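Below you'll find the structure, written out as C-alpha coordinates, and then a few comments.
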Amino acid sequence: MYRIQAPDFNIDLTLSCGQVFRWDKKEQWTGVVNGAVIRATQEGSELIIESTLDKKSIQDYFRLEDDLEKIYSEIGRDELITSLIRKYRGLRLIRQDPWECLASYICSSNNTIRNIKNSIRLMCECFGNRIENGYYSFPTPEALSQAELCDMASCRLGFRAPNVRSAAAMIADGEFDLYGIKDLSYEEGREELVKIRGVGNKIADCVLLFAFGKLESFPVDTHIEQIMERYYSENLKDVKKSKKRDAIADSARRYFGKYCGYAQEYLYLEDQEK
DNA sequence: CTCCAGGCTTACG
DNA sequence: CGTAAGCATGGA
(Lines give C-alpha, C1' and ligand atoms only; values in the text may rest on other atoms or scores of the structure.)
Protein backbone atom coordinates (compact mmCIF):
# COMPACT_ATOMS: atom_id res chain seq x y z
CA MET A 1 0.00 0.00 0.00
CA TYR A 2 1.28 3.43 -0.89
CA ARG A 3 0.08 6.98 -1.45
CA ILE A 4 0.22 9.21 -4.52
CA GLN A 5 -0.32 12.95 -4.65
CA ALA A 6 -3.16 13.54 -7.09
CA PRO A 7 -4.27 17.18 -7.06
CA ASP A 8 -7.08 18.21 -9.41
CA PHE A 9 -8.25 14.62 -9.68
CA ASN A 10 -11.66 13.03 -9.12
CA ILE A 11 -11.42 9.26 -9.27
CA ASP A 12 -15.21 8.72 -9.14
CA LEU A 13 -15.86 10.82 -12.25
CA THR A 14 -12.80 9.45 -14.03
CA LEU A 15 -13.73 5.80 -13.59
CA SER A 16 -17.52 6.07 -13.96
CA CYS A 17 -17.79 8.33 -17.00
CA GLY A 18 -17.84 5.46 -19.49
CA GLN A 19 -14.30 5.54 -20.92
CA VAL A 20 -13.27 2.29 -19.17
CA PHE A 21 -15.33 -0.85 -18.67
CA ARG A 22 -13.55 -2.96 -16.06
CA TRP A 23 -13.65 -0.93 -12.83
CA ASP A 24 -16.11 -1.37 -9.98
CA LYS A 25 -16.60 0.52 -6.76
CA LYS A 26 -17.47 -1.38 -3.64
CA GLU A 27 -15.69 -0.13 -0.53
CA GLN A 28 -12.96 1.02 -2.88
CA TRP A 29 -12.41 1.19 -6.61
CA THR A 30 -11.07 -2.10 -7.96
CA GLY A 31 -9.88 -2.82 -11.45
CA VAL A 32 -7.38 -4.79 -13.50
CA VAL A 33 -4.71 -2.90 -15.44
CA ASN A 34 -1.97 -4.57 -17.45
CA GLY A 35 -2.57 -7.88 -15.74
CA ALA A 36 -2.47 -6.52 -12.18
CA VAL A 37 -5.26 -5.80 -9.73
CA ILE A 38 -5.47 -2.23 -8.48
CA ARG A 39 -7.45 -1.13 -5.43
CA ALA A 40 -7.72 2.61 -5.09
CA THR A 41 -9.25 5.02 -2.61
CA GLN A 42 -9.18 8.79 -2.83
CA GLU A 43 -8.70 10.88 0.32
CA GLY A 44 -8.74 14.53 -0.64
CA SER A 45 -5.88 15.07 -3.08
CA GLU A 46 -4.25 11.75 -2.23
CA LEU A 47 -4.69 8.34 -3.79
CA ILE A 48 -4.21 5.28 -1.61
CA ILE A 49 -3.16 2.39 -3.82
CA GLU A 50 -2.94 -1.34 -3.24
CA SER A 51 -1.29 -2.97 -6.21
CA THR A 52 1.77 -4.75 -7.48
CA LEU A 53 2.04 -1.96 -10.05
CA ASP A 54 4.44 0.81 -9.11
CA LYS A 55 3.65 4.46 -8.54
CA LYS A 56 4.85 5.53 -11.97
CA SER A 57 2.44 3.13 -13.69
CA ILE A 58 -0.50 4.49 -11.71
CA GLN A 59 0.43 8.12 -12.41
CA ASP A 60 0.73 7.24 -16.06
CA TYR A 61 -2.58 5.35 -16.18
CA PHE A 62 -4.56 8.22 -14.63
CA ARG A 63 -2.65 10.85 -16.68
CA LEU A 64 -1.83 12.78 -13.51
CA GLU A 65 0.79 14.71 -15.48
CA ASP A 66 -1.87 16.45 -17.57
CA ASP A 67 -2.05 20.15 -16.72
CA LEU A 68 -5.80 20.45 -16.29
CA GLU A 69 -5.73 24.23 -15.72
CA LYS A 70 -4.06 24.70 -19.07
CA ILE A 71 -6.47 22.28 -20.74
CA TYR A 72 -9.51 23.95 -19.15
CA SER A 73 -8.42 27.38 -20.32
CA GLU A 74 -7.92 26.03 -23.86
CA ILE A 75 -11.26 24.25 -24.21
CA GLY A 76 -13.32 26.70 -22.13
CA ARG A 77 -14.72 28.53 -25.13
CA ASP A 78 -18.29 29.18 -23.92
CA GLU A 79 -20.70 29.10 -21.00
CA LEU A 80 -21.80 25.48 -21.49
CA ILE A 81 -18.35 23.94 -21.45
CA THR A 82 -17.12 26.16 -18.61
CA SER A 83 -20.15 25.14 -16.53
CA LEU A 84 -19.36 21.47 -17.23
CA ILE A 85 -15.75 22.07 -16.20
CA ARG A 86 -16.97 23.56 -12.91
CA LYS A 87 -19.35 20.66 -12.39
CA TYR A 88 -16.96 17.83 -13.29
CA ARG A 89 -13.58 19.30 -12.30
CA GLY A 90 -11.00 16.57 -11.83
CA LEU A 91 -12.33 14.20 -14.50
CA ARG A 92 -9.24 12.98 -16.34
CA LEU A 93 -8.80 10.89 -19.44
CA ILE A 94 -7.18 7.51 -18.83
CA ARG A 95 -4.21 5.99 -20.65
CA GLN A 96 -5.47 2.49 -21.45
CA ASP A 97 -3.63 -0.44 -22.90
CA PRO A 98 -4.05 -0.21 -26.70
CA TRP A 99 -5.17 -3.79 -27.25
CA GLU A 100 -7.69 -3.81 -24.40
CA CYS A 101 -8.99 -0.44 -25.56
CA LEU A 102 -9.29 -1.52 -29.19
CA ALA A 103 -11.01 -4.81 -28.40
CA SER A 104 -13.34 -3.13 -25.91
CA TYR A 105 -14.47 -0.48 -28.34
CA ILE A 106 -14.97 -3.03 -31.11
CA CYS A 107 -17.49 -4.48 -28.65
CA SER A 108 -19.09 -1.05 -28.17
CA SER A 109 -20.54 -0.85 -31.68
CA ASN A 110 -24.31 -0.26 -31.49
CA ASN A 111 -24.28 -1.50 -27.90
CA THR A 112 -25.00 -0.24 -24.40
CA ILE A 113 -22.40 0.33 -21.71
CA ARG A 114 -24.12 -2.25 -19.55
CA ASN A 115 -23.86 -4.92 -22.26
CA ILE A 116 -20.31 -3.90 -23.19
CA LYS A 117 -19.17 -4.32 -19.58
CA ASN A 118 -20.88 -7.69 -19.32
CA SER A 119 -19.35 -9.02 -22.55
CA ILE A 120 -15.87 -7.85 -21.60
CA ARG A 121 -16.16 -9.46 -18.17
CA LEU A 122 -17.22 -12.74 -19.77
CA MET A 123 -14.34 -12.55 -22.28
CA CYS A 124 -11.83 -12.04 -19.46
CA GLU A 125 -13.26 -14.95 -17.46
CA CYS A 126 -13.33 -17.18 -20.53
CA PHE A 127 -10.06 -16.31 -22.28
CA GLY A 128 -7.97 -14.31 -19.78
CA ASN A 129 -5.73 -15.56 -16.99
CA ARG A 130 -6.90 -15.76 -13.41
CA ILE A 131 -4.94 -13.31 -11.25
CA GLU A 132 -6.71 -13.77 -7.93
CA ASN A 133 -10.20 -14.83 -6.90
CA GLY A 134 -12.66 -13.15 -9.19
CA TYR A 135 -10.10 -11.12 -11.14
CA TYR A 136 -8.83 -11.97 -14.60
CA SER A 137 -6.39 -10.39 -17.03
CA PHE A 138 -7.69 -9.11 -20.33
CA PRO A 139 -7.23 -11.88 -22.92
CA THR A 140 -4.20 -11.46 -25.18
CA PRO A 141 -4.54 -11.16 -28.97
CA GLU A 142 -3.04 -14.66 -29.19
CA ALA A 143 -5.66 -16.14 -26.86
CA LEU A 144 -8.58 -14.51 -28.67
CA SER A 145 -7.23 -15.30 -32.12
CA GLN A 146 -7.30 -18.99 -31.19
CA ALA A 147 -10.78 -18.88 -29.66
CA GLU A 148 -13.61 -20.71 -31.36
CA LEU A 149 -16.56 -18.57 -32.36
CA CYS A 150 -18.91 -21.01 -30.66
CA ASP A 151 -16.99 -20.46 -27.40
CA MET A 152 -17.05 -16.70 -27.92
CA ALA A 153 -20.82 -16.86 -28.30
CA SER A 154 -21.06 -17.39 -24.55
CA CYS A 155 -19.65 -13.86 -24.15
CA ARG A 156 -22.80 -12.41 -25.74
CA LEU A 157 -20.86 -10.39 -28.31
CA GLY A 158 -23.40 -10.96 -31.05
CA PHE A 159 -22.30 -9.85 -34.52
CA ARG A 160 -19.13 -8.29 -33.03
CA ALA A 161 -17.48 -11.61 -32.14
CA PRO A 162 -15.87 -12.22 -35.58
CA ASN A 163 -14.56 -8.64 -35.56
CA VAL A 164 -12.90 -9.07 -32.17
CA ARG A 165 -11.32 -12.34 -33.26
CA SER A 166 -10.07 -11.08 -36.62
CA ALA A 167 -8.54 -8.00 -34.98
CA ALA A 168 -6.84 -10.30 -32.47
CA ALA A 169 -5.50 -12.44 -35.31
CA MET A 170 -4.14 -9.44 -37.25
CA ILE A 171 -2.21 -8.33 -34.18
CA ALA A 172 -1.11 -11.80 -33.04
CA ASP A 173 0.20 -12.60 -36.52
CA GLY A 174 2.16 -9.35 -36.71
CA GLU A 175 0.10 -8.26 -39.69
CA PHE A 176 -0.96 -5.12 -37.84
CA ASP A 177 1.48 -3.05 -35.74
CA LEU A 178 -0.90 -1.75 -33.08
CA TYR A 179 1.76 -0.54 -30.67
CA GLY A 180 3.56 1.31 -33.47
CA ILE A 181 0.63 3.70 -33.72
CA LYS A 182 2.00 5.61 -30.75
CA ASP A 183 4.69 7.04 -33.07
CA LEU A 184 2.20 8.16 -35.72
CA SER A 185 0.26 11.40 -35.96
CA TYR A 186 -3.44 11.46 -35.14
CA GLU A 187 -4.40 11.38 -38.82
CA GLU A 188 -1.93 8.61 -39.68
CA GLY A 189 -3.05 6.55 -36.71
CA ARG A 190 -6.68 6.80 -37.75
CA GLU A 191 -5.82 5.75 -41.30
CA GLU A 192 -4.21 2.61 -39.88
CA LEU A 193 -6.90 1.72 -37.35
CA VAL A 194 -9.82 1.85 -39.77
CA LYS A 195 -8.15 -0.94 -41.77
CA ILE A 196 -9.36 -3.27 -39.03
CA ARG A 197 -12.73 -4.85 -39.67
CA GLY A 198 -15.36 -3.44 -37.33
CA VAL A 199 -13.36 -0.25 -36.74
CA GLY A 200 -14.64 2.99 -38.26
CA ASN A 201 -13.78 6.58 -37.48
CA LYS A 202 -15.53 6.68 -34.12
CA ILE A 203 -13.90 3.58 -32.66
CA ALA A 204 -10.54 4.61 -34.09
CA ASP A 205 -10.96 7.98 -32.39
CA CYS A 206 -11.68 6.28 -29.07
CA VAL A 207 -8.49 4.22 -29.32
CA LEU A 208 -6.44 7.23 -30.38
CA LEU A 209 -7.80 9.25 -27.44
CA PHE A 210 -8.04 6.69 -24.64
CA ALA A 211 -4.99 4.54 -25.46
CA PHE A 212 -2.61 6.69 -27.49
CA GLY A 213 -3.31 10.03 -25.84
CA LYS A 214 -4.10 11.90 -29.06
CA LEU A 215 -5.99 14.67 -27.31
CA GLU A 216 -7.09 16.23 -30.61
CA SER A 217 -9.32 13.21 -31.15
CA PHE A 218 -13.07 13.87 -30.73
CA PRO A 219 -15.11 10.63 -30.91
CA VAL A 220 -18.68 11.27 -32.05
CA ASP A 221 -21.21 8.70 -30.94
CA THR A 222 -24.97 9.01 -30.78
CA HIS A 223 -24.86 10.99 -27.49
CA ILE A 224 -22.23 13.45 -28.66
CA GLU A 225 -24.05 13.87 -31.96
CA GLN A 226 -27.21 14.85 -30.11
CA ILE A 227 -25.56 17.22 -27.68
CA MET A 228 -23.52 18.90 -30.42
CA GLU A 229 -26.64 19.41 -32.55
CA ARG A 230 -28.50 20.84 -29.59
CA TYR A 231 -25.88 23.28 -28.39
CA TYR A 232 -23.52 23.89 -31.30
CA SER A 233 -25.80 23.74 -34.33
CA GLU A 234 -24.53 27.11 -35.57
CA ASN A 235 -21.19 25.41 -36.30
CA LEU A 236 -22.90 22.70 -38.37
CA LYS A 237 -24.54 24.39 -41.33
CA ASP A 238 -24.91 22.48 -44.60
CA VAL A 239 -23.73 19.15 -43.21
CA LYS A 240 -24.55 16.10 -45.26
CA LYS A 241 -26.16 13.23 -43.40
CA SER A 242 -23.75 10.55 -44.55
CA LYS A 243 -20.70 12.30 -43.11
CA LYS A 244 -22.41 14.15 -40.32
CA ARG A 245 -20.33 12.66 -37.52
CA ASP A 246 -17.08 13.43 -39.33
CA ALA A 247 -18.23 17.00 -39.80
CA ILE A 248 -19.15 17.30 -36.12
CA ALA A 249 -15.72 15.99 -35.11
CA ASP A 250 -13.93 18.40 -37.46
CA SER A 251 -15.91 21.40 -36.28
CA ALA A 252 -15.31 20.44 -32.64
CA ARG A 253 -11.58 20.20 -33.32
CA ARG A 254 -11.56 23.71 -34.76
CA TYR A 255 -13.79 25.08 -32.01
CA PHE A 256 -12.28 23.49 -28.88
CA GLY A 257 -8.70 23.23 -30.15
CA LYS A 258 -5.92 20.71 -29.61
CA TYR A 259 -7.34 19.37 -26.33
CA CYS A 260 -10.85 18.80 -27.69
CA GLY A 261 -10.73 15.15 -26.53
CA TYR A 262 -11.10 16.46 -22.98
CA ALA A 263 -14.06 18.61 -24.03
CA GLN A 264 -15.68 15.55 -25.56
CA GLU A 265 -15.52 13.62 -22.30
CA TYR A 266 -17.13 16.43 -20.29
CA LEU A 267 -19.91 16.77 -22.86
CA TYR A 268 -20.43 13.01 -22.87
CA LEU A 269 -20.72 12.83 -19.08
CA GLU A 270 -23.35 15.58 -19.09
CA ASP A 271 -25.45 13.61 -21.58
CA GLN A 272 -24.98 10.39 -19.56
CA GLU A 273 -26.75 11.92 -16.59
CA LYS A 274 -29.96 12.59 -18.49
C1' DC B 1 -44.96 -4.63 -29.43
C1' DT B 2 -41.25 -0.99 -30.95
C1' DC B 3 -37.17 1.61 -30.25
C1' DC B 4 -32.45 2.32 -28.97
C1' DA B 5 -27.64 1.49 -27.46
C1' DG B 6 -20.00 5.11 -26.88
C1' DG B 7 -21.33 1.96 -35.21
C1' DC B 8 -19.85 -0.44 -39.11
C1' DT B 9 -20.39 -2.80 -43.53
C1' DT B 10 -22.77 -3.74 -47.54
C1' DA B 11 -26.15 -3.06 -51.00
C1' DC B 12 -28.91 -0.23 -53.74
C1' DG B 13 -30.11 4.10 -56.69
C1' DC C 1 -21.49 9.77 -55.16
C1' DG C 2 -25.19 9.55 -50.92
C1' DT C 3 -28.44 6.93 -48.24
C1' DA C 4 -30.52 2.93 -45.73
C1' DA C 5 -31.04 -1.77 -44.25
C1' DG C 6 -29.05 -5.28 -41.49
C1' DC C 7 -26.50 -6.77 -37.87
C1' DA C 8 -27.07 -9.85 -32.04
C1' DT C 9 -28.38 -8.71 -27.61
C1' DG C 10 -30.87 -6.75 -23.74
C1' DG C 11 -33.41 -3.13 -21.47
C1' DA C 12 -36.92 0.64 -21.50
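The figures that follow rest on heavy atoms only: side chains count, while hydrogens, waters and symmetry mates do not. Throughout, a chain's letter reflects where its sequence line sits, starting with A, and its residues are numbered from 1. This structure is a prediction, so every number in the text was calculated from the model and none was measured.
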Quick one: A:N115 CG to B:dC3 C1', roughly how many Å, whole number? 15 Å
In whole Å, what separates the P atom of B:dC8 from that of C:dG10? 22 Å
Write down the distance between NZ (A:K244) and C1' (B:dG7), rounded to a whole number of angstrom. 14 Å
Just call it for A:S108: base, sugar-phosphate, or nothing, with non-hydrogen atoms closer than 4.0 Å on any strand. sugar-phosphate
Any A:L236 side-chain heavy atom under 4.5 Å of A:S251 side chain: yes
Presence of A:T222 side-chain N/O under 4.0 Å of B:dA5 phosphate oxygens OP1/OP2: yes
Ion pair A:E79/A:R86, N-O distance below 4.0 Å: yes
Please state how far atom CD1 in A:I106 lies from atom P in B:dC8, giving the value in whole angstrom units. 10 Å
Whole-Å P distance, B:dA5 and C:dG2: 25 Å
Within the structure shown, what part of the strands sits under 4.0 Å from A:N163 by heavy-atom distance: base, sugar-phosphate, or nothing? nothing
Answer yes if the side chains of A:D66 and A:Y259 hold a donor-acceptor pair under 3.5 Å, and no otherwise. no
Let's see if you can work this out: which of B:dA5, B:dC8, C:dG2 has an atom nearest to the side-chain heavy atoms of A:T112? B:dA5
A:H223 atom NE2 is separated from B:dC4 atom C1', nearest whole Å, by 9 Å
What nucleic acid atoms does A:V199 come within less than 4.0 Å of, heavy atoms only: base, sugar-phosphate, or nothing? sugar-phosphate
Would you indicate, yes or no, if B:dC8 has its OP1 or OP2 atom less than 4.0 angstrom from a side-chain nitrogen or oxygen of A:S109? no
OP1 or OP2 of C:dG2 sitting under 4.0 Å from any side-chain N/O of A:K240? yes
Measure from CG on A:N110 to P on B:dC3 and round the result to the nearest Å. 14 Å
Using only side-chain N and O atoms of A:Q226, determine if any of them is under 4.0 Å from OP1 or OP2 of B:dA5. yes
C:dA8, OP1 or OP2 - any side-chain N/O from A:R156 closer than 4.0 Å? no
Under 4.0 Å between a Lys/Arg side-chain N and an Asp/Glu carboxylate O for A:D205 and A:K202? no
Quickly work out the A:I113 CD1 to B:dG7 P distance and round it to whole Å. 9 Å
Between C:dG11, C:dA8, C:dT3, which nucleotide gets closest to the side-chain atoms of A:R160? C:dA8
Categorize A:R197 for me: base, sugar-phosphate, or nothing, with a 4.0 angstrom heavy-atom threshold over every strand shown. sugar-phosphate
Just the rounded figure in Å: distance from P of B:dG7 to CZ of A:R245. 6 Å
Go through A:F218 and A:Y268 one step at a time and tell me if the ring pair (Phe, Tyr, Trp, His ring centres under 6.0 Å) criterion holds. CA-CA 11 Å; A:F218 192 90; A:Y268 182 79; over 10 Å; no
Which whole-number value in Å describes the distance from A:F159 CZ to B:dT10 P? 13 Å
Starting from A:Y105, can I reach A:I224 by hopping between I/L/V/M/F/W/Y residues whose side chains sit under 4.5 Å apart? yes
Using a heavy-atom cut-off of 4.0 Å across all strands, would you classify A:I196 as base, sugar-phosphate, or nothing? sugar-phosphate
Where each residue is assigned the nucleotide of DNA chain B containing its nearest heavy atom, which of A:E265 and A:G198 is assigned the position nearer the 5′ end? A:E265
